[in-house]
Engineer: 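Have a look at this one before I ask anything.
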Amino acid sequence: MSAKAEVITLHPDPLEPYAISPGWKAGGLLFLSGQAAIDETGAIVGEGDFDAQLEATFANIDRVLAAGGSDRSRIIKVTIYLTDMGNFPAIVAARRRYFTPPWPADTIVEVRALALPELMVEIDVIALAGEH
């Protein structure tokens, strides 16, 4: 049996200029590229405002999940990259706002910088594909 994989596409796709796919569907799972506070036109959202960036990041996650036929309730793993671990309490609050039990598995890492210097948070996601 060969594995089948298909790319998740967005229109417009703010990641296309960086030669990045929004995500892939394979083996009943969705693997999203790291999502950040970049709107559909590629502009940074909420520069200097962590909460605004987090909200925009989750909106992007929802958009890619929907394009892949899934939704946030089917997320099983997140990896969160922060440029300042001082924002960790906001992440804990966000987990309760954006997820419900059972909570997704989670890894959180502080990094020196993200791809664009204005970005403060990036989240990559693994989710179950939607039922077909």
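These values consider heavy atoms only, across backbone and side chains, with no hydrogens, waters or symmetry-generated copies.
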Engineer: Spell out, yes or no, whether I38 and L82 are grouped together once hydrophobic residues are joined by side-chain heavy atoms under 4.5 Å, including indirect joins.
Structural biologist: no
Engineer: Do any pairs count as a salt bridge (Lys or Arg N to Asp or Glu O under 4.0 Å) and have a residue in residues 26-54, sequence neighbours left out, and if so which ones?
Structural biologist: E40-R63
Engineer: Membership question, hydrophobic clusters at under 4.5 Å side-chain separation (ILVMFWY): are L65 and L128 in the same one?
Structural biologist: no
Engineer: Which atom names give the shortest non-hydrogen contact between V64 and L10, and what distance separates them?
Structural biologist: CG2-CD1, 3.8 Å
Engineer: If you look only at distance, which donor and acceptor atoms sit under 3.5 Å apart when one is on a side chain in residues 105-123 and the other is two or more places apart or in another chain?
Structural biologist:
{"from": "D106", "atom 1": "OD1", "to": "R95", "atom 2": "NH2", "distance (Å)": "3.3"}
{"from": "D106", "atom 1": "OD2", "to": "R95", "atom 2": "NE", "distance (Å)": "2.9"}
{"from": "D106", "atom 1": "OD2", "to": "R95", "atom 2": "NH2", "distance (Å)": "3.1"}
{"from": "T107", "atom 1": "OG1", "to": "K77", "atom 2": "NZ", "distance (Å)": "2.8"}
{"from": "E110", "atom 1": "OE2", "to": "M85", "atom 2": "N", "distance (Å)": "2.9"}

Engineer: If you round to the nearest 0.5 Å, how far is CZ of F88 from CD1 of I80?
Structural biologist: 8.5 Å
Engineer: Excluding sequence neighbours, so at least two apart, what forms side chain to side chain donor-acceptor pair (under 3.5 Å) with D84?
Structural biologist: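 D84: no side chain to side chain donor-acceptor pair (under 3.5 Å) contacts found.
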Engineer: Partners of F99 by ring-ring contact (aromatic ring centres under 6.0 Å, His included), sequence neighbours excluded?
Structural biologist: F58
Engineer: Is it the case that one hydrophobic cluster holds both I61 and V7, taking links as side-chain heavy atoms less than 4.5 Å apart, direct or via other members?
Structural biologist: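 No, no single cluster joins them.
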Engineer: Indicate, with yes or no, if I44 and Y81 share a hydrophobic cluster defined by side-chain heavy-atom contacts under 4.5 Å among Ile, Leu, Val, Met, Phe, Trp and Tyr.
Structural biologist: yes
Engineer: For D62, check salt bridge (Lys or Arg N to Asp or Glu O under 4.0 Å) against everything at least two apart and list the hits.
Structural biologist: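 Listed in chain order: R72.
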Engineer: Show the nearest heavy-atom pair for residues A52 and G46, with the distance to one decimal.
Structural biologist: CB-CA, 3.9 Å
Engineer: If you look at every heavy atom in L54 and A94, which pair is closest and at what distance?
Structural biologist: CD2-CB, 3.4 Å
Engineer: Are I75 and W103 connected, step by step, through hydrophobic side chains (Ile, Leu, Val, Met, Phe, Trp, Tyr) whose heavy atoms are closer than 4.5 Å?
Structural biologist: yes
Engineer: When the side chains of residues 28-37 are checked against the rest of the protein, which donor-acceptor pairs come out under 3.5 Å, sequence neighbours left out?
Structural biologist:
{"from": "S33", "atom 1": "OG", "to": "S21", "atom 2": "O", "distance (Å)": "2.5"}
{"from": "Q35", "atom 1": "NE2", "to": "S33", "atom 2": "O", "distance (Å)": "3.0"}

Engineer: Could you tell me whether the side chain of T79 and the main chain of D124 form a donor-acceptor pair under 3.5 Å?
Structural biologist: no
Engineer: Nearest 0.5 Å, what's the CZ-CD distance between R97 and E55?
Structural biologist: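 Rounded to the nearest 0.5 Å, the CZ-CD separation comes to 7.5 Å.
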Engineer: Does any part of the side chain of F50, heavy atoms only, come nearer than 4.5 Å to the side chain of I91, both counted from C-beta?
Structural biologist: yes
